[in-house]
Each structure stands twice: as C-alpha cells, then as structure tokens.
Amino acid sequence: MATSAPGAAPPSTGQPATTNLRVYSTLSRSKEPFEPIAPGKVGIYLCGPTVYKPSHIGHLVGPVIFDVVKRYLTYSGYQVTWVVNITDIDDKLIHEAAKRGIGVPELAREMTADYMTNLAALGIDTIDHFPRATDNIPEIVDFIQALIDKGFAYAAAGDVYFDVAKDSAYGKLSGRDVASMQGEGGEMADRKHSVADFALWKGAKPGEPSWDSPWGPGRPGWHIECSAMSRRLLGETFDIHGGGLDLMFPHHENEIAQSECCHGQPQAKYWMHNGLMQAVDEVGKVGGRNTRASAAGSVDAAGEQAAQEAGKMGKSKGASPFRDLLKTFSPETIRLFILSSHYRSPIYFSDARIGEAAKSLETFYRFFQRYERVTGRSYYQVPARNQRGSEVASTGDTLKSVAERRERFLEAMDDDFNTGAAVAELFELVRALNRLVDERHLEDPGKKDAAALATLDEGVAVLRELASLLNLFQQPVVSAAAAGANDELVAGLMGLVIELRADARAAKNFAVADKIRNKLAELKITLADRPGGTDWTIG
RNA sequence: GGCGCCGUAGCCAAGAGGCUAAGGCAGCGGAUUGCAAAUCCGCCAUCGUGGGUUCGACUCCCACCGGCGCCUCCA
C-alpha cells in the first residue's frame with residue numbers, strides 16, 4: 001500500500017493568484033468568479049465522515065476532489081487551509097458500539113484509523129486539520145448558548161432545538177419550503193415548536209455517552225459541530241464549504257441557519273457539492289441511457305434490472321469497505337476513475353468501470369518506461385514544474401503542442417475544476433511525446449538527438465507539473481508481480497531466455513523464438529523487441 | 001406528492017447557439033515489426049422524442065418518454 005506522496009501540494013508560488021477560476025456554488029446555482037475573502041488566502045471546510053463503519057469509496061470521493069482543489073489553488077498562488085471534520089459522536093456510533101459491545105470512543109478510534117489509512121493510501125496528505133466533535137464540546141456548547149441568547153434556539157426537556165421559524169432565510173441553500181417539511185419526528189416531535197426544528201443538543205438517555213452542559217448531560221446534534229469547528233479553525237465566514245450532495249439538506253441547510261443566525265454574516269462564500277457514487281450492476285447501462293433500446297422494443301432485461309439495482313452507496317446498500325477495493329485496484333486507478341468525470345455528476349461505480357481506468361493508466365506507465373529507456377532517467381525523478389506563471393517555450397511542433405495542451409488543461413481546471421477535460425489533455429500530452437520519440441527514433445541507441453531529447457524533457461516536466469495537480473504519477477507504482485521481476489534469479493533466468501531467443505532469431509529460427517514468447521505470455525510475461533534489444537515486463 | 005439532476009458513439013465521459021462535438025475502453029484499416037507487443041496515423045456519434053424561439057440549436061424554452069437523487073442524522 002502506498003503512503004502519502006512526497007511534497008504534498010505544490011508549494012505556493014507567491015505569484016499573483018489566478019483570476020480566471022470560476023466555481024459553481026450551490027447557493028447561487030451558478031458558476032461565480034472565484035475571489036477569496038482575504039486576498040491570497042483560502043479556507044476550505046469539507047464535511048468528513050461519521051466514524052461508525054469502515055469507509056467505502058463514496059466517503060473518499062470528496063477528499064479526492066478537494067485534494068485536487070487545494071492543489072490547484074495552491075499552484076495558482078493561494079495559501080490554502082483545508083479542514084475535514086471527524087464526527088465521532090452520534091446516534092449511529094452509539095448504536096454500532098452497542099451492537100459490537102464496545103465503547104463509542106473505541107469504535108471511533110478504530111474507524112477514524114480506517115479512514116486515515118484510506119486517505120494515506122490515496123496520497124491525500126493535503127488536509128491541514130481533522131477536528132473531532134468530541135474535542136470541541138466547549139466550543140459547541142458556547143455556540144448553542146449564543147443561539148439561545150439571540151433567540152434562535154430554545155431548550156426543552158434537556159434538549160436544545162433550533163427555532164427554524166426565527167430564521168427567515170431558512171431553506172435558501174436547498175430551495176425548500178419550511179412549511180412542507182417533515183423534519184425529525186419520533187419522540188422529539190412534541191418537544192419541538194415546529195417539525196422543522198432540529199436538535200442542537202440532545203439530552204442523554206441512560207447509558208449514553210454525555211457531556212455536561214447548561215441544559216444537563218447530553219451530546220451535540222449532528223449539525224452544530226460543523227458550525228462550531230469551522231468557526232474555530234476558519235473564522236465566521238470562510239471561502240469554500242464542501243460535501244456530498246446528500247448533505248445539502250438537511251445538514252448544510254441547518255449549518256447555514258446556525259452559523260448565519262449566530263454571526264449575522266455568511267458562513268461560506270462558495271458551497272461546493274460533489275455528486276454521489278452510485279453502485280451499478282456489471283450488466284447494462286444506468287439511468288435513462290437504455291431508453292432507446294427499451295422504447296424500440298428490444299428490451300434488454302438484464303440492463304433494465306441493472307438499472308433498477310443501481311443505487312447510492314449509502315449505508316443501506318452495504319457498499320464494501322474501501323480497504324477491500326484497494327486489494328483489487330491501485331489508489332491511482334481509483335483516483336483517475338473519480339477524476340475522469342465531473343465532480344458534480346453522479347459516478348456510477350462498478351469493477352468493470354474502474355477496470356477501464358486501470359487500463360487507460362497503462363498508457364502512462366508504458367510511456368514512463370519508454371522515457372526511462374530513452375533517457376536513462378526515471379520519470380519520477382524529473383522535477384515537476386510547479387509555477388503556474390512560467391510559460392512553456394513553444395518552439396517546434398512538439399513544444400507548441402505541449403504548450404497548447406497545458407493551456408487547455410489549465411483552462412479546464414479554471415472552469416469549475418473540470419478534471420475530466422483536464423485528464424484528456426494528459427493523454428494528448430503523452431501522445432505528442434510518443435510521437436516525438438517515434439519521429440526522431442529516440443529509442444534507437446544510434447540516433448541520439450540532443451535537441452529532441454531536450455524537448456522530450458521539457459514535455460515530461462510539463463506532464464509532471466499537470467499530473468501533480470491531480471495527484472497522479474507522484475511515485476512509482478510497484479505491483480506485486482513487478483516486484484518479483486527484481487528478483488536476481490528471475491532476472492538472470494530471463495536474461496538467459498532472452499539471449500537464447502535472440503540466437504534463434506538471428507538464425508531465422510522464428511518457430512523457436514515465437515514459442516518462447518508465447519510460452520512466456522502464458523506466464524503473464526510480455527516480451528518486446530525494440531531497437532535497443534528485447535525487454536520484458538511481467539503482470 | 002414537493003424540490004432537484006440527468007439522457008452525447010458498442011461502453012465510460014467532456015463540451016457547446018454558428019468554427020474539426022475532447023479524451024478513454026472496445027473495434028476496424030494503415031505505418032512500423034521476421035511475426036508480435038508497444039507506438040504513431042486514420043476510421044467509428046448529429047447529441048432521448050415531439051414542438052417552439054432564432055438567420056442558425058446538440059447547446060435556450062415547453063411538453064412528453066426514460067432514469068436518478070433528496071424530502072428518513074447516508075460523503
């Protein structure tokens with residue numbers, strides 16, 4: 001399992017920050033020019049996990065996306081502070097801990113560790129703070145008290161509720177009408193002034209974890225921790241608040257209500273919501289996409305069934321733990337899969353679809369090997385350009401193409417972090433560089449061309465620059481099979497086999513040469529005859 | 001029922017009022033190769049259906065069909 005990528009986000013360049021970035025905000029339902037509240041500085045708060053079960057892939061979509069957001073902002077000259085909260089006290093933790101016969105803190109520790117391990121595997125080392133709800137109880141209690149003092153909340157039988165009727169702006173994020181809300185029902189209903197009111201503090205029942213408060217022992221409601229912790233770490237108003245689309249209501253709506261009623265100013269300037277990961281059966285398409293087949297009468301029963309089985313990777317669907325997914329797919333594959341589509345769109349998840357991402361990554365890995373054959377240097381040792389301001393000299397076809405692709409990549413990122421379009425430019429970059437190697441025969445040992453090699457290096461530096469913004473190709477991926485290739489004995493035997501095959505080829509004994517290659521292929525070993533000799537890869 | 005999103009090639013997926021509708025996977029043809037692998041070049045979509053607005057729409061509006069999400073403390 002890979003650990004964090006070295007270097008974290010590219011260092012701030014100290015240059016003027018980009019002015020072209022546009023960010024879609026759920027509040028305005030439109031893309032807005034990005035202008036941080038304090039020049040040069042950006043605060044980001046992302047709603048993190050409730051740590052009661054192992055994280056599944058859906059929990060890691062936000063971190064992957066905001067890791068890229070932070071990298072891009074940093075690269076663009078901003079100083080970014082990114083906060084991800086850990087909800088470690090909540091009904092779900094209480095129930096799960098009881099079910100397993102362990103304490104809530106123990107459960108929280110275990111699941112927080114699981115989450116952290118997954119983040120590390122994905123190379124996400126850009127998060128600055130992981131505040132836990134239970135570490136911030138005094139701040140939370142103060143926050144609630146302030147809301148009561150200002151008349152926006154009321155205590156009732158050990159609980160405290162937010163009085164939605166007092167907030168005329170309530171519903172502005174999700175576009176909901178207070179009157180039509182069902183709200184939290186159950187036994188709390190009769191304590192609340194309105195069904196739409198939500199708990200800020202929940203009085204403890206016997207045996208439940210609790211903290212002292214002016215309203216008796218209890219614990220925070222779900223939303224208040226985020227209001228309190230975001231204020232502590234980022235201030236009353238900060239730049240970007242993110243989270244899954246499912247949190248828009250009620251969580252973020254309630255957060256806004258709490259924070260803005262308490263402070264009398266906006267909580268966050270931009271609200272970014274990522275689309276949800278959806279599970280889909282391997283068979284058939286999803287959504288309305290099989291409409292035509294069905295309408296035409298050629299009903300694909302399997303496809304229809306698959307569509308019906310598609311569903312959010314939520315708690316009820318029992319999505320498999322992320323750590324299991326890592327047994328099948330590399331972190332890099334999962335990152336590419338997530339970043340290949342737009343962050344606001346839902347992502348339909350299946351092994352086959354992630355498998356496609358894995359295949360497409362091979363294009364890059366093969367190019368990196370080719371680069372090493374040509375230059376003797378590892379792609380991973382090429383210093384990444386990390387200054388947005390420095391332009392690429394566009395002399396010659398290749399560099400012209402490299403500069404253009406870089407420009408398009410950056411434009412895509414400026415357009416509300418369009419990573420899908422940006423990824424396409426990475427493929428185009430590699431194509432341009434492969435073309436250069438082909439045309440100048442750089443793999444041919446007898447044809448070293450200093451100018452072409454310099455161009456290749458420049459192109460690779462740009463590839464590294466752009467890829468690092470997506471946290472891709474930061475360090476070599478070593479598969480178990482590839483690791484075996486380093487074995488001295490294996491290497492020696494392969495050298496012998498290749499030598500014997502070379503002799504056979506020299507003698508035009510292609511039957512033997514091909515037999516060797518075919519038999520090796522059965523062992524998952526691929527031979528490639530190149531200008532400089534034959535090399536082999538495994539896996 | 002209320003609110004919202006979506007429907008682009010065999011599959012995944014960007015995009016966009018007029019310029020060649022990105023890229024990936026799969027497939028086909030060619031170059032290269034002893035043959036391959038890899039690489040490169042080329043081919044493969046008129047954008048769910050029906051109307052409307054416009055000089056012009058796949059892109060805007062309406063309707064319909066189909067799918068999905070939220071309204072239940074799910075990232």
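Below, chain A is the first sequence line, B the second, and so on; all start at residue 1.
For A:R370 and A:N434, the side-chain atoms include at least one donor-acceptor pair closer than 3.5 Å. In this structure, a donor-acceptor pair under 3.5 Å is present between the side chains of A:Y365 and A:E332. A:T126 and A:D67 share a side-chain donor-acceptor pair at under 3.5 Å. Residues A:N418 and A:Y343 have side chains that never bring a donor and an acceptor to within less than 3.5 angstrom of each other. Side chain to side chain, A:T398 and A:T455 fail the donor-acceptor criterion of an N or O pair below 3.5 Å. Between the side chains of A:S55 and A:D114, at least one donor-acceptor pair of N or O atoms lies under 3.5 Å. Between the side chains of A:E225 and A:N136, not a single donor N or O lies within less than 3.5 Å of an accepting N or O.
Between A:D438 and A:P49, the one whose closest nucleotide on RNA chain B sits nearer the 5' end is A:D438. The nearest heavy atom of RNA chain B to A:E362 and to A:W222 marks one nucleotide each, and the one closer to the 5' end goes with A:E362.
Side chain A:E428 to base B:G23: no donor-acceptor pair is found below 3.5 Å. Judged by atom type and distance alone, A:R353 does not reach the base of B:C11 through any side-chain donor-acceptor pair under 3.5 Å. In this model, no side-chain donor or acceptor of A:N418 finds a partner on the base of B:G15 within 3.5 Å.
A 3.5 Å limit on both hydrogen-bonding distances identifies B:C3 as the Watson-Crick or G-U partner of B:G69. Across all strands shown, B:U49 pairs with B:A63; the Watson-Crick or G-U wobble distances both stay below 3.5 Å. Pair check for B:C28 finds B:G42; Watson-Crick or G-U wobble, both atom distances under 3.5 Å. Remark: B:A57 base-pairs with no nucleotide; criterion is Watson-Crick or G-U wobble with both hydrogen-bond distances under 3.5 Å. Across all strands shown, B:A37 forms no Watson-Crick or G-U wobble pair with both distances under 3.5 Å. With a cut-off of 3.5 Å on both Watson-Crick or G-U wobble distances, the partner of B:C19 is given as none.
A:H273 has its NE2 atom 16 Å from the P atom of B:C6, to the nearest Å. For the pair A:D414 CG and B:A14 P, the interatomic distance rounds to 18 Å; values are reported in whole Å. Distance A:R344 CZ to B:A13 P: 16 Å, rounded to the nearest Å. Between A:Y170 atom OH and B:C71 atom P the separation is 12 Å, expressed in whole Å. Between the NZ atom of A:K359 and the C1' atom of B:C11 there is a distance of 11 Å, rounded to whole Å. Taking atom CE of residue A:M413 and atom C1' of nucleotide B:A22, one finds them 16 Å apart after rounding to whole Å. The interatomic distance linking A:F337 (CZ) with B:C11 (P) rounds to 17 Å, in whole Å. Spacing between atom CG of A:L520 and atom P of B:C35 amounts to 20 Å, rounded to whole angstrom units.
The gap from the P atom of B:U39 to that of B:G23 amounts to 16 Å, rounded to the nearest Å. Nucleotides B:C44 and B:G15, compared at atom P, are 23 Å apart to the nearest Å. Taking the P atom of each, B:U8 and B:U59 are spaced 14 Å apart, rounded to whole Å. The gap from the P atom of B:A36 to that of B:G29 amounts to 12 Å, rounded to the nearest Å. For the C1' atom pair drawn from B:A26 and B:C43, the interatomic distance equals 14 Å after rounding to whole Å. A distance of about 15 Å separates the P atoms of B:G66 and B:U49, rounded to the whole Å. With both ends at atom P, the span from B:C47 to B:G18 equals 16 Å, rounded to whole Å. Comparing the same atom, C1', in B:A57 and in B:G17 gives a spacing of 6 Å after rounding to whole Å.
In this structure, A:F427 forms no aromatic stack with the base of B:G24, since the conditions of centre separation below 5.5 Å and plane angle below 30° are not both met.
Closest approach to the A:R176 side chain among B:C71, B:G23, B:C40 is made by B:C71 (side chain taken as heavy atoms from C-beta onward). Side-chain proximity of A:F249 to the nucleotides B:C71, B:U39, B:A37 is greatest for B:C71. Distance from the side chain of A:R366 is smallest to B:U39 among B:U39, B:C12, B:C70. Picking from B:C40, B:A22, B:G69 the nucleotide with the shortest atom distance to the side chain of A:A424 gives B:A22. Side-chain proximity of A:E356 to the nucleotides B:A36, B:C12, B:C71 is greatest for B:C12. Taking every side-chain heavy atom of A:E425 into account, B:A22 is the closest of B:A22, B:G69, B:A37. Listed candidates were B:A14, B:A26, B:G34. Nearest to the side chain of A:S341 is B:A14. Of the candidate nucleotides B:A22, B:C35, B:C40, B:C40 has the atom lying nearest to any side-chain atom of A:R435. Among the nucleotides B:G69, B:C40, B:C35, the one closest to any side-chain atom of A:R431 is B:C40. Comparing B:G34, B:C70, B:G15 against the side chain of A:R505 picks out B:G34 as the nearest.
A pairwise comparison of heavy atoms in A:L60 and A:I338 identifies O-CD1, 4.5 Å as the closest pair. Counting all heavy atoms, side chain and backbone alike, A:L46 lies closest to A:G62 at CD2-C, 3.8 Å.
Across all strands, A:G243 comes closer than 4.0 Å only to sugar-phosphate atoms, never to a base (heavy-atom distances). Among the protein residues, A:S55 comes within range of no part of the nucleic acid, since none of its heavy atoms lies under 4.0 Å from any strand. Residue A:N434 is classed as a sugar-phosphate contact, given heavy-atom separations below 4.0 Å to backbone atoms only. Nucleic acid contact class of A:L426 (heavy atoms, under 4.0 Å, all strands): none. Within 4.0 Å of A:T87, counting heavy atoms only, lies no atom of the nucleic acid at all. Heavy atoms of A:H342 sit under 4.0 angstrom from primed sugar atoms or phosphate atoms, though from no base atom. Note on A:G221: nothing from the nucleic acid sits closer than 4.0 angstrom, heavy atoms only.
A salt bridge between A:R431 and A:E428 is present, with a side-chain N of the basic residue lying under 4.0 Å from a carboxylate O of the acidic one.
Close to B:C25, at under 4.0 Å from its OP1 or OP2, lies a side-chain N or O of A:T363. The phosphate of B:A26 has neither OP1 nor OP2 within less than 4.0 Å of any side-chain N or O from A:S360.
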